[in-house]
K.L.:
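Below is one structure. I have some questions about it.
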Amino acid sequence: MADSDKSFKIVLLGEGCVGKTSIVLRYIQNIFKDKHEMTLHAGFFQKTINIDGKRVGLTIWDTAGQERFHALGPIYYRGSQGALVVYDITDNDSYIKAKNWIKELKTMLGSDITLCIIGNKSDLEKSRVVTLEEAEAYAKSVGAKHYSASAKLNRGVQELFLDLTQRMLSNS
Ligand code: GDP
Ligand code: MG
């Protein structure tokens, strides 16, 4: 962005319904909705933050729901410095899908991209099927970092964007 010292593109990836749009709306607008209209918030969001004395512009790309048709590819994530690969802690399939995305990003972009794996819906701890230990160990094994979040309760969301931005700055 024009008035910032640095700018980064961040993409959201993950299965439908894991909470990608909810995470970005929580971060940018501090709102949460129980039902999202799939097409309503398609596109990208921008935010400028001050960090370590620098103005950093973030452009966060959210999907228009194409993940439901397996129709997201390099055109979407090319040129991004950060990726938030989201799964739902109550849905093992979404975790497997997240691991597939990580593999694809590593193959396509190598170490040019800073990878985050987000276990969302941490408010639903009672229905958790993906253990934190497993997810953290996996993240570590692929050079990514794991974060737990609840877009609903606003837990971990600000923290993960801040940490990702600091990691992108040190990788740049
Ligand atoms: P997307 O398809 O990945 O963009 O997912 P959405 O953001 O549209 O969210 C899908 C559904 O999960 C919606 O009904 C949200 O209200 C719900 N949801 C999103 N984040 C959370 C969360 O942290 N906790 C709970 N309990 N529900 C969530
Ligand atoms: Mg969405």
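Indexing begins at 1, ligand by ligand and atom by atom, following the structure's order.
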K.L.:
What atoms in ligand 1 come closer than 4.0 Å to a heavy atom of T21?
P.N.:
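It comes down to these atoms of ligand 1: 4 (O), 7 (O).
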K.L.:
Pick one of side chain, backbone, both or neither for how D88 approaches ligand 1, counting any non-hydrogen atom pair under 4.0 Å.
P.N.:
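Looking at D88 and ligand 1, no heavy atom falls under 4.0 Å.
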K.L.:
Suppose I only count heavy atoms of K33 and a 4.0 Å limit; which atoms of ligand 1 are within that range?
P.N.:
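Near K33, the atoms of ligand 1 are 15 (C), 16 (O).
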K.L.:
Looking only at heavy atoms of G16, does any of them come nearer than 4.0 Å to an atom of ligand 1?
P.N.:
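Per 4.0 Å heavy-atom rule, G16 contacts ligand 1.
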K.L.:
Considering the heavy atoms of S22, write down every atom of ligand 1 situated less than 4.0 Å from one of them.
P.N.:
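So the answer, numbered in order with elements, is 6 (P), 7 (O), 9 (O), 15 (C), 19 (C), 20 (N).
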K.L.:
What heavy-atom pair brings L164 and G82 nearest, and what distance separates the two atoms?
P.N.:
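Here L164 and G82 meet closest at CD1-CA, 4.3 Å.
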K.L.:
Under 3.5 Å, is there a donor-acceptor pair between the T114 and N171 side chains?
P.N.:
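Present: a donor and an acceptor within the cut-off.
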K.L.:
Can you list the atoms of ligand 1 that are under 4.0 Å from a heavy atom of K20?
P.N.:
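With K20 as reference, the close atoms of ligand 1 come out as 1 (P), 2 (O), 3 (O), 4 (O), 5 (O), 7 (O).
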K.L.:
So which heavy atom on S80 is nearest to which on I113, and how close?
P.N.:
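The pair with the smallest heavy-atom distance is OG-CD1, 3.6 Å.
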K.L.:
May I ask you to check if ligand 1 and F32 share an N or O to N or O distance below 3.5 Å?
P.N.:
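So ligand 1 has no N or O lying under 3.5 Å from an N or O of F32.
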K.L.:
Is there a polar contact between ligand 1 and D62, counting only N or O atoms under 3.5 Å apart?
P.N.:
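Min N/O separation from ligand 1 is not below 3.5 Å for D62.
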K.L.:
Does any N, O or S atom in T21 come within less than 2.8 Å of the Mg ion (ligand 2)?
P.N.:
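T21 does place an N, O or S atom closer than 2.8 Å to the Mg ion (ligand 2).
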K.L.:
Can you sort out which atoms of ligand 1 are near D34, meaning under 4.0 Å from one of its heavy atoms?
P.N.:
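Matching atoms, with element in brackets: 13 (C), 14 (O), 15 (C), 16 (O).
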K.L.:
Is it true that N30 and R26 share a donor-acceptor pair across their side chains at a distance under 3.5 Å?
P.N.:
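Side chains of R26 and N30: pair found under 3.5 Å.
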K.L.:
Output the distance between atom CG (D34) and atom NZ (K152), rounded to the nearest 0.5 Å.
P.N.:
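One finds 5.5 Å between CG of D34 and NZ of K152.
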K.L.:
Should the pair K99-E134 be classified as a salt bridge under the 4.0 Å nitrogen-to-oxygen rule?
P.N.:
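Salt bridge between K99 and E134, a charged N being under 4.0 Å from a carboxylate O: yes.
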K.L.:
Please test L13 against L84 for side-chain contact (heavy atoms from CB on, under 4.5 Å), starting from the C-alpha separation and ending with a verdict.
P.N.:
CA-CA 6 Å; L13 285 163; L84 301 176; over 6 Å; no
K.L.:
Validate the cation-pi geometry between K47 and Y27: distance from NZ or CZ to the six-membered ring centre under 6.0 Å, angle to the ring axis within 45°.
P.N.:
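K47 over Y27 ring: yes.
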K.L.:
I'd like to check whether L124 has a polar contact with ligand 1, where a contact means an N/O of the residue lying under 3.5 Å from an N/O of the ligand.
P.N.:
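In this structure, L124 places no N or O atom under 3.5 Å from an N or O of ligand 1.
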K.L.:
Does any N or O atom in A149 lie less than 3.5 angstrom from one in ligand 1, N or O only?
P.N.:
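No - when backbone and side-chain N and O of A149 are compared with those of ligand 1, no distance drops under 3.5 Å.
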K.L.:
What part of N120, side chain, backbone, both or neither, has a heavy atom within less than 4.0 angstrom of ligand 1?
P.N.:
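The part of N120 near ligand 1 is the side chain, not the backbone.
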K.L.:
Taking 4.0 angstrom as the limit, do D62 and K20 come out as a salt bridge?
P.N.:
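No.
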K.L.:
Where's the contact between D123 and ligand 1, heavy-atom distance under 4.0 Å: side chain, backbone, both or neither?
P.N.:
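Within the 4.0 Å criterion, D123 contacts ligand 1 through side-chain atoms alone.
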K.L.:
Assess whether a salt bridge exists between D5 and R55, defined as any Lys/Arg side-chain N lying under 4.0 Å from an Asp/Glu carboxylate O.
P.N.:
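So D5 does not pair with R55 through a salt bridge.
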K.L.:
Which of the numbered atoms in ligand 1 are under 4.0 angstrom from any heavy atom belonging to E15?
P.N.:
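Close to E15: 3 (O).
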